[in-house]
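First the structure, in the form of structure tokens, and then the observations on it.
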There are 2 protein chains.
Amino acid sequence: MTPTPCSSVAFLIDDDEAVRDALSWLLRSRGIPSRDWSSAEAFLTDYSPQMQGCLVVDIRMQGMTGLELFDRLRDLECRLPIIFLTGHGELSKAVQVLKQGAFDFIEKPFNDNELADRVLEAITWDEARRTRGQQSHAIHNRLRSLTSREKEIMARIIKGQMNKIIADELNIAMRTVEAHRSHVFEKMGVKSAVELATLLAENGISVSF
Amino acid sequence: MTPTPCSSVAFLIDDDEAVRDALSWLLRSRGIPSRDWSSAEAFLTDYSPQMQGCLVVDIRMQGMTGLELFDRLRDLECRLPIIFLTGHGELSKAVQVLKQGAFDFIEKPFNDNELADRVLEAITWDEARRTRGQQSHAIHNRLRSLTSREKEIMARIIKGQMNKIIADELNIAMRTVEAHRSHVFEKMGVKSAVELATLLAENGISVSF
DNA sequence: TTTGGAGTTACGGTTATCCACAATGTTGTT
DNA sequence: AACAACATTGTGGATAACCGTAACTCCAAA
């Protein structure tokens, strides 16, 4: 495994202090920094979208359960990978949360090596997700800088329509389409329609304007 | 739920005849056709890639277990969705197979409605997958019809390179590039480089030639 | 009222694409 | 040897893309 960057942290949430301590110790011994909270509520008050790394959450806690926390974080559009811990072998819940996108589900008592590996996997996954997100974010920023007319012309360009056709359909001069087209390329940071189409398709963006 | 097309079938694999009968009856009452086998081995001898629908497999059977069947089907590149049944609440196995791509994991005794719904979901998913697969297959057929030189030119086209540049880099006449380019468009069924780039990117195809 | 962004358009020109028709050389198969 | 597929190139022309420069209008914010 690669050494963990200091920017990624394991966020531990469990109402059993002994478990938190054991986890902290385990992860520290692997070079993984961690922070811990004794309840989902406490974590939520501290939560910020800047946090990066992964969550390790006991599914059964006083007050808000791990499942409820999961839902709440989804509402906040939090995409941090979550590893659930359970001491009760609740299979149906495991299946449910995994299908909803939880990263992993581990029974207590857990194997130390396995847990640490999962945490590392989750952190790695989160970093990859974050990188993808930045790419996508940059593109969306560029898209937002387009005027609505430019977006409309762009949508037609990537459908393969020629300037002449676009001009006819929008009842404007071809030269105008050319001007918009040029602006679109400049703002989107590409040099051709091909590059533009590839950029958008690779990021799953369909322009409807 | 939409009525189940007769082409999709639930394939039931369980060494307990009573379970098979109960499942068959349940599914038939919902209009879902099914076939059943008493062992993974028996299913494998009958298996064909033409089968469409979903599998419902008891995880613990005499001889080959459900998990082993899962692996075996993966080797055969079978993409049928699999719903596992278990009577023993084996959480760690549930987590494992779900992360490997199993469709669902249901504890016995199961709720009839729930199981039938899952089977329908799985069948629907399989049909969608099959549709996507056909699209992708058609594109790959077209890609295979390209000569290696044409693939090389195509790779450069979708990078946004101009004919002139391509000609220079390959030390051939521009006219030759034009000829290849024209063939590529014709064989791939598109009318412009933009359509080609979109087609490939949307299907996650990166051309390296 | 002034300023500025957005949308629009024209002129004149360069470059690139696309195409029909025609042809040559190479390679591998039958 | 004969044939087919492939890669190659040419001529000449129609069509489209691209660009710099320069306006004009509309509209909203300062």
Side-chain angles (χ1 to χ4, degrees), chain A residues 138-202 205-209, chain B residues 138-202 205-209:
Chain A
I139 295 174
H140 278 92
N141 276 340
R142 293 186 154 171
L143 279 177
R144 268 193 297 278
S145 79
L146 298 177
T147 68
S148 68
R149 196 57 153 174
E150 285 165 349
K151 278 208 267 286
E152 183 166 15
I153 268 80
M154 183 173 79
R156 290 165 186 270
I157 291 174
I158 64 177
K159 278 200 304 182
Q161 286 190 332
M162 291 180 302
N163 289 350
K164 189 182 177 182
I165 306 294
I166 299 174
D168 285 350
E169 288 188 7
L170 298 181
N171 287 314
I172 55 179
M174 222 177 80
R175 187 61 188 85
T176 310
V177 178
E178 288 175 24
H180 287 312
R181 184 186 185 108
S182 173
H183 292 151
V184 169
F185 288 174
E186 192 182 356
K187 287 184 178 178
M188 296 302 293
V190 298
K191 286 194 301 298
S192 69
V194 175
E195 285 180 49
L196 181 60
T198 304
L199 183 71
L200 296 180
E202 277 181 351
I205 298 167
S206 60
V207 183
S208 47
F209 84 95
Chain B
I139 295 174
H140 277 92
N141 276 339
R142 293 186 155 171
L143 279 177
R144 267 193 297 279
S145 79
L146 298 177
T147 67
S148 69
R149 194 57 153 174
E150 284 164 350
K151 277 208 269 286
E152 182 166 15
I153 268 82
M154 184 174 79
R156 291 166 186 268
I157 291 174
I158 63 177
K159 277 200 305 184
Q161 287 191 330
M162 290 181 303
N163 290 348
K164 189 182 175 180
I165 307 295
I166 299 174
D168 284 350
E169 288 189 7
L170 298 181
N171 288 312
I172 55 179
M174 220 178 81
R175 186 60 189 83
T176 310
V177 178
E178 288 176 24
H180 287 311
R181 184 186 186 108
S182 175
H183 291 153
V184 168
F185 287 173
E186 192 181 355
K187 286 184 177 177
M188 296 301 293
V190 298
K191 287 194 300 296
S192 69
V194 175
E195 286 179 48
L196 181 61
T198 304
L199 183 71
L200 295 181
E202 278 181 351
I205 299 168
S206 60
V207 183
S208 46
F209 87 92

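Lettering follows sequence order; numbering is per chain, from 1.
- Dashed line: the shortest gap from a side-chain N or O of B/N163 to OP1 or OP2 of C/dT17 is under 4.0 Å.
- In this structure, A/E152 places its CD atom 14 Å from C1' of C/dA6, rounding to the nearest Å.
- Two residues are said to be in side-chain contact when any heavy atoms from C-beta on lie closer than 4.5 Å; B/N163 and B/R175 fail this criterion.
- In this structure, CZ of A/F185 is placed 15 Å from P of C/dA16, rounded to the nearest angstrom.
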CA sep, side-chain torsions, deciding dist, call: B/L170, B/I153, side chain to side chain contact (heavy atoms under 4.5 Å, CB included): CA-CA 9 Å; B/L170 298 181; B/I153 268 82; 3.8 Å; yes
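- Residue A/R181 contributes atom CZ, which lies 20 Å from atom P of C/dA6 at whole-angstrom precision.
- Regarding contacts with the backbone of D/dA7, a side-chain N or O of B/T147 is found under 4.0 angstrom from either OP1 or OP2.
- Nearest to the side chain of A/R175, among C/dG7, C/dC11, D/dA17, sits C/dC11.
- Note: CG (A/L170) to C1' (C/dG7) measures 12 Å, nearest angstrom.
- Rounded to whole Å, the distance from CE on A/M162 to P on D/dC18 is 13 Å.
- In the set C/dG7, D/dA16, D/dT8, the nucleotide with an atom closest to the side chain of A/H180 is C/dG7.
- Side-chain contact between B/V190 and B/R142: absent, with no pair of heavy atoms (C-beta onward) separated by less than 4.5 Å.
- Comparing C/dT9, C/dC19, C/dG7 against the side chain of B/E178 picks out C/dC19 as the nearest.
- Between A/E152 and A/R149, at least one side-chain N (NZ, or NE/NH1/NH2) sits under 4.0 Å from a carboxylate O, which counts as a salt bridge.
- Along DNA chain D, the nucleotide closest to B/M174 and the one closest to A/M174 are compared, and the more 5′ of them pairs with B/M174.
- Between the side chain of B/T198 and the backbone N or O of B/V194 there is at least one donor-acceptor pair closer than 3.5 Å.
- Note on A/R149: only backbone sugar-phosphate atoms sit closer than 4.0 angstrom, heavy atoms only; bases stay farther off.
- Rounded to whole angstrom, the span from the NE2 atom of A/H183 across to the P atom of D/dG20 amounts to 11 Å.
- Side-chain atoms of B/K187 and B/T147, non-hydrogen and from C-beta on, do get closer than 4.5 Å to each other.
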Worked check of side chain to side chain contact (heavy atoms under 4.5 Å, CB included) between A/H180 and A/V177: CA-CA 5 Å; A/H180 287 312; A/V177 178; 5.7 Å; no
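- Rounded to whole Å, atom P of D/dA17 lies 17 Å from atom CD of A/E195.
- What separates CD1 of B/I172 from P of D/dG10 is a distance of 11 Å, to the nearest Å.
- With distances taken from any side-chain atom of B/T176 to the nucleotides C/dT9, D/dT8, D/dC19, the minimum falls on D/dT8.
- Taking 4.5 Å as the limit, some side-chain heavy atom of A/I205 sits within range of a side-chain heavy atom of A/H140.
- If one axis is set at each end of the helix from C/dT1-D/dA30 to C/dT30-D/dA1 from five pairs, those axes are 40° apart, to 10°.
- Which of D/dC18, C/dT9, D/dA7 sits closest to the side chain of B/E150 comes down to D/dA7.
- Considering only the side chain of B/A179, D/dT9 comes nearest among D/dC19, D/dA7, D/dT9.
- With the nearest nucleotide of DNA chain C identified for both A/N171 and B/K191, A/N171 has the one nearer the 5' end.
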